[in-house]
*Asks:* 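Before anything else, here's the structure in question.
Note: hydrogens, waters and symmetry copies are ignored here, and every other heavy atom, side chains too, is used. In the text below, chain A, chain B and the rest are named by the order of the sequence lines, each starting its count at 1.
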Amino acid sequence: MGELASWVSDSLISLSVESRPVVVQYVINLSRNSASLTDLLNSLVLELGLSSSSSETNDFARQLFLQVGGNSAAASGGPHLYQTREREAEFLAKKQRTYTLLEADESGSGGKRFWKRIKSKASEIENLRRLSRQAYFKRREAKKLQELKDEIEDDECLLSMGVKLSEAEKLDLKYKKELYELIMKNRTRETDETGEFYRMPEAYDLEGRVDQDKRFAAPSNRYCDANASDKMNPFAVNEAWEKHQSEKATLKFGSKDRKQSSDEYQFVFEEDPIKFIKATEVEQGLLSSISEVNTTSERLADDRKSLPIYQYKEKLLEVVKDNQVLIIVGETGSGKTTQIPQYLLEARYTRRGKIACTQPRRVAAMSIAARVARQMGVKLGHEVGYSIRFEDRTSDRTVLKYMTDGMLLRELQSEPDLASYSVVMVDEAHERSVSTDILFGLVKDIAMARPDLKLLISSATSDTEKFSEYFDSANIFTIPGRRYHVDIHYTETQVADYLAAAVDTALQIHVKLQPGDGDILVFLPGQDDIENAEEMLRLKTRGLGTKIPELIICPIYANLPTELQAKIFIPTPQGARKVVLATNIAETSLTINGIKYIIDPGYCKTKTYQPRTGMETLKVTPVSKASATQRAGRSGRTGPGECYRLYTRDIYNSMDENVEPEIKRTNLANVVLTLKSLGIEDIKNFDFMDPPPGETLTKALELLIALGALDEPGKLTKVGRRMAEFPLDPMLSKMIVASDEYKCSSELISIAAILSLGNSVFYRPKDKRKDAATARERFYMGNVGDHIALLNVYNSWKETDFSTQWCYENYIQVRSMKQARKVREQLEGLLKMAEIEVTSNANDLDIRMAIVSGCFRHTARLQKGGSYQTVESCRTVYIHPSSVLAQAPPRWVVYHELVETSREYMRQVTELKPEWLEKVAPHYYKLEDTEDCSSKKMPRAVGRACLN
DNA sequence: GAGCACTGC
């Protein structure tokens, strides 16, 4: 019995916090009227299994049942205890018998014995309760302690930046620090297993007098134990991994900076003034040696003055005053992003509203806001803040707001005239993300209606005339950059194999030139090439042995686990050289220190979209001139650089000036819905800087009409308005809206969240493919499609309380899951906005119906030979081999997306009954369309599909 | 029997 009790208490601790009290409560309740522990537990199992919908408590009940053992029901119980009515009846009968017994017992001579038993049980239960509480307090303590630590680090970080804290705040910090130290001292003692005893404080009243110092030190010395040794942490690897995941090596502020400060590397973003100070090290070195007593804020002020833009400050303010719209051209490093908003702030442009500065990337928005807050000596989130998806660090007093361009676009939905802003600065405009392009059209329009709004478009040097022309010949203000010279080398003849050529060039540089003078950065199109190049480099350097200096090979691409990404920021040791093999990620998103040599084969992967088929492709294409220049510029930040282009000068001359802006080569369904929700009726005549292909727009409009988001004349419907609340592809939004009807919104937001990630949640290491496949099959139990399988993955993960360990065991990518969880949380919050009730319904059919309501245009029918034909465009496609359905192809399927790789594949597929189509989209399908008939029919009407 | 440039809401 004791064994059983300890098993129960162990299991209790392993349950989630929500389930624990449920279980404990049942144990207590049942102990009052049950006869023996076995019966008690049987009843408990019954109660839990029947009355709790949580599968966790169910699972507990099942395990408990097996532990109790010796019961015929347990032996034949199978995975689900109460699957059948018969079984349920059997248990009810058993329960009844227990009560009968109990009564008999009480009335008869056995009464005393019974109460004794009950008492002992009660104490066992009390024991369980105590253990559970202990576990809870332990966790709570750890959490509170971490919070305290964070607060201290936050304050200290601010203090070190020269932020002035008030007396009360200083006192508070002092108190917090003391408290923390005290706790830590005590904890060191507690973790020492040998010292589970109270130690008498040292005497302080010996020798006939009281030693006051000793006396007051007593409470804090009490638990001090210097011998506490570092024990092995079995989870160390996981923890490190988690840490990396959650922080993703971004430059953060305050407590979030924890990792950063201890690391030897750091990200450097565009226009990092610190880097430029390094660039003029000689002069700065002299300065700082003279005035070493400078406070941080004084130094920051000096830094600000040393930026190229500083000398243009007055002139710039004058021009801004006279021009409503201004194009600002400045090379990276001129300080425009950090300084201009501050100048405008000083010039009191914020009297009537905030200053917004948009960035294409989240990390940029965060790090720049942090830097500006530091320069201004204010706490981040007060006067200076940032706003990105999942994180809004602004407050009522925020006047300078850095944000992602997509975020400003979202804000426009609730504030179409940007009334709370007096200045909008669109930064990095040359990158031409879809969001910036849309913003252009919108802010241009708003500026016309609001003469008091200042508009700044900031871009690196390229296409300035185009920008100016678009904004009705706006003036251009140029700020010279400051960077070192970069020598460009071209090949004499065209190289046959860019990969081999890149590897050889890297080795040549490494062998011929002294290490220590700079590292090498090679741009390659994708993960594949990077992996191959890495292998080639390893093979070739191994042959040379110690004859050449050490070469450290660092691959980097977005899909690389974060802890491996960090490797590229570790400074190169003396006598060695680093070669970084990177995708386009190193072109804009991150900067690596110490790069002197660039090798540019001239290729990158580009996504294109074919509106006719709705197919997306990712293909290796030559880069543009602008991109080549950008790549070359990745050296020469801290000293003169060299760039080796693996193509001839003639080829360079024949390259396109710029990459085609993204808006011209992407699916615009979401963009069109956003614009419609902003009240823009005539999308085709919207003032795009580069109009997207008409066919793409037509396709998007068609889709939105089919989904019911727009009516036939193209006006936004109620469904459309609800869909526009979600930051998702319209088909996914529609699934969620439809889920309201099928009462399964909770399930659908999970599915939509995972699908919106775009990348797979299943992880398949090369050496453990088989294990990964078997792990994955579990989620496909019952021959469900990909959509439901993804839902199963999410729900199972949730049941483990979002365990990382579980992910490893099941070959699931933790990073993707965590992202999905965040997205799901956001979607859950948005359900209310879209007037959708949060409802949960495990019925497969309902969930599938909701899915089909969203992707009914993406259907395909099985043909001979295992291929499919799409209903929409009659193309021959295949189920992607990553889907389990590829092994047993159903007659009809719906798919999430179409991709062209080695073949044309449908990704994320679910089986479909053709009659559902007629039910879900009667305006689009007619019953006879889905009936089998061999003769080919023409589409019935516009927007109606041919199903044969 | 495949694959994953990079962002963003």
*Asks:* Counting just side-chain N and O atoms, does A:T588 come under 4.0 Å of either OP1 or OP2 of B:dT7?
*Replies:*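 For B:dT7, neither OP1 nor OP2 has a side-chain N or O of A:T588 closer than 4.0 Å.
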
*Asks:* Using a heavy-atom cut-off of 4.0 Å across all strands, would you classify A:L409 as base, sugar-phosphate, or nothing?
*Replies:*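 Touches nothing.
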
*Asks:* Which whole-number value in Å describes the distance from A:K607 NZ to B:dC4 C1'?
*Replies:*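 Distance check: A:K607 NZ to B:dC4 C1' gives 13 Å.
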
*Asks:* Could you tell me how far apart A:Y557 (OH) and B:dT7 (C1') are, to the nearest whole angstrom?
*Replies:*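 The distance from OH of A:Y557 to C1' of B:dT7 comes to 19 Å, rounded to the nearest Å.
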
*Asks:* Using whole Å, what does the distance between atom P of nucleotide B:dA5 and atom OH of A:Y609 come to?
*Replies:*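 Answer to the nearest Å: 21 Å.
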
*Asks:* Look at A:T583 and B:dC6 and indicate whether a side-chain polar atom (N or O) is within less than 4.0 Å of OP1 or OP2.
*Replies:*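 True: A:T583 side-chain N/O within range (under 4.0 Å) of B:dC6 OP1/OP2.
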
*Asks:* Using the six-membered ring wherever Trp is involved, compare the ring planes of A:Y647 and A:Y652 and label them parallel, tilted or perpendicular (cut-offs 30° and 60°).
*Replies:*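 Ring orientation, 0 to 90° scale: parallel.
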
*Asks:* Mark yes when over 12 heavy atoms from residues, nucleotides or ligands other than A:Y763 sit less than 6.0 Å from its OH; otherwise mark no.
*Replies:*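 Not more than 12 within 6.0 Å, no.
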
*Asks:* Report the distance from atom CG of A:L439 to atom C1' of B:dC9, rounded to the nearest whole Å.
*Replies:*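 It works out to 12 Å between those atoms.
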
*Asks:* Please list all pairs meeting salt bridge (charged side-chain N to carboxylate O under 4.0 Å, His left out) that have one or both residues in residues 719-735 of chain A, counting only residues at least two apart or in different chains.
*Replies:*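 Listed by first then second residue: A:R722-A:D740.
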
*Asks:* For B:dC9, does OP1 or OP2 lie under 4.0 Å from any side-chain N or O of A:R362?
*Replies:*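 Affirmative; the distance criterion is met.
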
*Asks:* At what distance, to the nearest 0.5 angstrom, does OG1 of A:T588 lie from CD of A:E428?
*Replies:*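 Spacing of OG1 (A:T588) from CD (A:E428) equals 8.5 Å.
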
*Asks:* Looking at CG of A:L755 and NE2 of A:H896, how far apart are the two atoms once the value is rounded to the nearest 0.5 Å?
*Replies:*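 It is 4.5 Å, given to the nearest 0.5 Å.
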
*Asks:* Nearest whole angstrom, please: distance from the P of B:dA5 to the CZ of A:R665.
*Replies:*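 One finds 15 Å between P of B:dA5 and CZ of A:R665, rounded.
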
*Asks:* Using heavy-atom distances to pick each residue's nearest nucleotide on DNA chain B, tell me which of A:S433 and A:Q887 is more 5'.
*Replies:*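 The 5'-side residue here is A:Q887.
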
*Asks:* From CZ of A:R815 over to P of B:dC4, roughly how many Å is that when rounded to an integer?
*Replies:*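 To the nearest whole Å, that distance equals 15 Å.
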
*Asks:* Need one value for A:L618: base, sugar-phosphate or nothing, where a base atom within 4.0 Å counts as base even if backbone is also close, heavy atoms only.
*Replies:*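 Touches a base.
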
*Asks:* Return the 5'-most residue of the pair A:Q359, A:P525 with respect to DNA chain B, ranking by each residue's nearest nucleotide.
*Replies:*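 The residue mapped nearer the 5' terminus is A:P525.
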
*Asks:* Using whole Å, report how far CZ of A:R432 lies from C1' of B:dT7.
*Replies:*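 After rounding, the gap between these two atoms is 15 Å.
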
*Asks:* Could you tell me how far apart A:F390 (CZ) and B:dT7 (C1') are, to the nearest whole angstrom?
*Replies:*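 In whole Å, B:dT7 C1' and A:F390 CZ are 14 Å from each other.
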
